[in-house]
Chemist: 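Let me give you the structure first, and then I'll get to my questions.
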Amino acid sequence: MTNERADRRPKYQRIADELKEDIRAGQYVPGDRLPGENDIMATYDVARMTARQALGVLQSEGIAEARKGAGVFVRSFHPIRRRGIQRLSERQWGSGKSIWSTETENRDLTVDQLEVTEEEAAEDIALALDVEPGSPVCVRSRRFVLDGKPVLLARSYLPATIVAGSAITQEDTGPGGTYARLAELGHKPVHFREELRSRMPLAAEAERLNLSMGTPVILITRTAFAEEGHPVEFNRMTLDSAAYILEYDFDA
């Protein structure tokens with residue numbers, strides 16, 4: 001039995017693994033163009049669909065990215081190490097720092113597509129915030145772009161009865177962000193709960209995050225609680241899964 005017959009991986013996966021090994025060996029470095037579909041077809045004697053699937057594996061794993069009209073390139077973006085516990089510490093936002101600061105270091109972080117509106121709470125939002133459906137809520141929507149790459153969409157909901165007239169209803173919430181302002185208003189967050197799941201992106205999400213085909217998103221919902229367990233913020237986040245490493249570091 002030949003090695004090829006013994007290897008039960010699909011042919012496109014074997015090709016993808018060989019390309020990954022070439023990248024690890026330094027044959028292709030970040031920013032380099034990978035062999036195109038025609039090159040792979042000729043080298044491995046496979047159909048175009050197989051070549052396309054092989055390149056798709058590298059894109060879905062965040063190793064490569066397609067550039068329209070130019071080809072597929074080794075990705076040069078360094079993933080964000082999201083420290084899920086440390087970033088929400090009061091030592092962070094309570095000292096006027098952004099909860100992003102320890103993750104982005106000297107990298108270029110910008111926030112765009114920023115909108116601050118007031119809406120009536122839908123049933124799921126009302127349930128999360130423990131308010132009546134239809135109650136007014138402040139909604140903060142934004143996109144985070146790191147080193148020119150969109151990485152996160154976020155949409156926060158806060159009871160208007162708490163934040164009306166405060167800096168939270170403005171585009172710039174000031175040093176320490178929303179949580180520092182909540183503390184000033186007498187609603188300091190003392191407990192957070194995050195829930196994570198994953199799925200394929202909606203068309204609008206893929207466009208706003210500039211996702212390569214086949215790349216899933218990570219969905220994180222976070223609820224911030226003040227004293228006595230009262231929820232003061234509900235945040236829905238959509239992350240480019242290829243842009244993140246989720247790290248949770250805590251004592252036993």
Chemist: For atom CD of E21, decide whether the heavy atoms of other residues, nucleotides or ligands shown that lie under 6.0 angstrom number more than 12.
Modeler: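 Check passes, neighbour count above 12.
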
Chemist: Report yes if some heavy atom in the side chain of L185 is under 4.5 Å from a heavy atom in the side chain of I168; otherwise report no.
Modeler: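 Side chain of L185 against side chain of I168, heavy atoms only: contact under 4.5 Å found.
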
Chemist: Please give me the minimum heavy-atom distance between L158 and T178, naming the atom from each residue.
Modeler: CD2-CG2, 3.7 Å

Chemist: With sequence neighbours excluded, what pairs up with T161 under the side-chain contact (heavy atoms from CB on, under 4.5 Å) test?
Modeler: P159

Chemist: What's the separation between atom OH in Y44 and atom OG1 in T50, rounded to the nearest 0.5 Å?
Modeler: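 Rounded to the nearest 0.5 Å, the OH-OG1 separation comes to 12.5 Å.
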
Chemist: Check whether L211 and F73 end up in the same hydrophobic cluster, where Ile, Leu, Val, Met, Phe, Trp and Tyr are linked by side-chain heavy atoms less than 4.5 Å apart.
Modeler: no

Chemist: When you group the ILVMFWY residues by side-chain heavy-atom contacts below 4.5 Å and let the links chain together, are L109 and M237 in the same group?
Modeler: yes

Chemist: Please give me the minimum heavy-atom distance between V116 and T169, naming the atom from each residue.
Modeler: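 Smallest heavy-atom distance, with atoms named: CG1-O, 3.3 Å.
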
Chemist: Membership question, hydrophobic clusters at under 4.5 Å side-chain separation (ILVMFWY): are I125 and V163 in the same one?
Modeler: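 Different clusters: V163 never reaches I125 through Ile, Leu, Val, Met, Phe, Trp or Tyr contacts under 4.5 Å.
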
Chemist: One thing to verify: whether R208 and E205 come together as a salt bridge, which I'm taking to mean a side-chain N less than 4.0 angstrom from a carboxylate O.
Modeler: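 No, no charged N to carboxylate O under 4.0 Å.
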
Chemist: Tell me which pairs pass ring-ring contact (aromatic ring centres under 6.0 Å, His included) where either residue lies in residues 196-245, with sequence neighbours left out.
Modeler: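 Of all non-adjacent pairs touching residues 196-245, those that pass ring-ring contact (aromatic ring centres under 6.0 Å, His included) are H191-F225.
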
Chemist: For the CG atom of L209 and the CG atom of L153, what is their distance to the nearest 0.5 Å?
Modeler: 4.0 Å

Chemist: Could you walk me through whether R75 and K149 satisfy the side chain to side chain contact (heavy atoms under 4.5 Å, CB included) test, starting with their C-alpha distance in whole Å, then the side-chain angles of each, then the deciding distance to 0.1 Å, before giving a yes or no?
Modeler: CA-CA 11 Å; R75 195 171 189 177; K149 169 74 176 72; 3.0 Å; yes

Chemist: Run the numbers on Y179 and Q92 for side-chain hydrogen bond (donor to acceptor under 3.5 Å, both in side chains), then give the verdict.
Modeler: CA-CA 10 Å; Y179 298 143; Q92 190 72 14; over 6 Å; no

Chemist: Verify side chain to side chain contact (heavy atoms under 4.5 Å, CB included) between E18 and K20, making sure each step is shown before the conclusion.
Modeler: CA-CA 5 Å; E18 286 190 28; K20 284 190 281 187; over 6 Å; no

Chemist: Would you sort out whether L239 and I220 count as a side chain to side chain contact (heavy atoms under 4.5 Å, CB included), showing the intermediate values?
Modeler: CA-CA 8 Å; L239 291 66; I220 301 179; 4.0 Å; yes

Chemist: Is D17 salt-bridged to R14, going by a charged N under 4.0 Å from an acidic O?
Modeler: no

Chemist: State, yes or no, whether a side-chain contact exists between I85 and D249 at a heavy-atom distance under 4.5 Å.
Modeler: no

Chemist: Using modelled atom types only, decide if a donor and an acceptor are shared between the side chain of T43 and the backbone of I40 within a distance under 3.5 Å.
Modeler: no

Chemist: Just checking E184: does its CD atom have more than 12 heavy atoms from other residues, nucleotides or ligands closer to it than 6.0 angstrom?
Modeler: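 Yes, the 6.0 Å shell around CD holds more than 12 heavy atoms from other groups.
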
Chemist: Without swapping roles, check the side chain of D147 against the backbone of D108 for a donor-acceptor pair under 3.5 Å.
Modeler: yes

Chemist: Got a second to check how far R193's CZ is from L88's CG, nearest 0.5 Å?
Modeler: 13.5 Å

Chemist: Other residues, nucleotides and ligands only: do more than 12 of their heavy atoms fall within 6.0 Å of NZ on K188?
Modeler: no

Chemist: What is the distance from atom CG of L182 to atom OG1 of T173, rounded to the nearest 0.5 Å?
Modeler: 9.5 Å

Chemist: Does D45, at its CG atom, have more than 12 non-hydrogen atoms belonging to other residues, nucleotides or ligands within less than 6.0 Å?
Modeler: no

Chemist: For the residue pair A226 and V232, what are the closest heavy atoms and their distance?
Modeler: CB-CG1, 3.8 Å

Chemist: Sorted by first residue and then second, give each ring-ring contact (aromatic ring centres under 6.0 Å, His included) pair with at least one member in residues 148-177; sequence neighbours left out.
Modeler: none

Chemist: Does M200 have more than 12 heavy atoms from other residues, nucleotides or ligands lying within 6.0 Å of its CE?
Modeler: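 Above 12, so yes.
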
Chemist: If you count heavy atoms of other groups shown closer than 6.0 angstrom to OH of Y248, is the number above 12?
Modeler: yes

Chemist: A side-chain contact here means heavy atoms from C-beta on lying under 4.5 Å apart; do L58 and V72 qualify?
Modeler: no

Chemist: If the condition is salt bridge (charged side-chain N to carboxylate O under 4.0 Å, His left out), which residues does E120 pass it with, not counting sequence neighbours?
Modeler: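 Salt bridge (charged side-chain N to carboxylate O under 4.0 Å, His left out) check on E120 returns nothing, list empty.
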
Chemist: Got a second to check how far E37's CD is from Q53's CD, nearest 0.5 Å?
Modeler: 10.5 Å

Chemist: Salt bridge check, R67 against E65: does any charged N sit closer than 4.0 Å to a carboxylate O?
Modeler: yes

Chemist: If you measure from CZ on R87 to CD on E247, what distance do you get to the nearest 0.5 Å?
Modeler: 12.0 Å

Chemist: Under a 3.5 Å cutoff, is there a donor and acceptor pairing between the side chains of S156 and E233?
Modeler: yes

Chemist: Following the transitive rule for hydrophobic clusters with a side-chain heavy-atom cut-off under 4.5 Å over Ile, Leu, Val, Met, Phe, Trp and Tyr, establish whether F144 and L196 coincide in one cluster.
Modeler: yes

Chemist: Does the pair L34 and I23 meet the rule for a side chain to side chain contact (heavy atoms under 4.5 Å, CB included), with working shown?
Modeler: CA-CA 9 Å; L34 291 170; I23 293 170; 4.2 Å; yes

Chemist: Between D39 and R48, is there a side-chain N and carboxylate O pair less than 4.0 Å apart?
Modeler: no

Chemist: Could you pull out all residues at least two apart from R142 that satisfy salt bridge (charged side-chain N to carboxylate O under 4.0 Å, His left out)?
Modeler: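 None.
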
Chemist: Identify, with sequence neighbours excluded, every residue that meets side chain to side chain donor-acceptor pair (under 3.5 Å) alongside D172.
Modeler: none

Chemist: Identify the heavy atoms of A121 and V131 that sit nearest to each other, and give their distance.
Modeler: CB-CG2, 4.4 Å

Chemist: Is the shortest side-chain N to carboxylate O distance from R155 to E119 below 4.0 Å?
Modeler: yes

Chemist: Would you check if the side chain of W93 reaches a backbone N or O of S98 as a donor-acceptor pair within less than 3.5 Å?
Modeler: no

Chemist: What heavy-atom pair brings S198 and P216 nearest, and what distance separates the two atoms?
Modeler: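 For S198 versus P216, the nearest heavy atoms are OG-CB, 3.9 Å.
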
Chemist: Assigning hydrophobic clusters by single linkage (Ile, Leu, Val, Met, Phe, Trp, Tyr; side-chain heavy-atom cutoff under 4.5 Å), is V29 placed with L19?
Modeler: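 No, separate clusters.
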
Chemist: Where do A167 and R181 come nearest, in terms of heavy atoms and distance?
Modeler: CB-CD, 3.9 Å

Chemist: I'd like to know if E194 and R82 make a salt bridge, using a cut-off of under 4.0 Å between side-chain N and carboxylate O.
Modeler: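 Answer for the salt bridge query: yes.
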
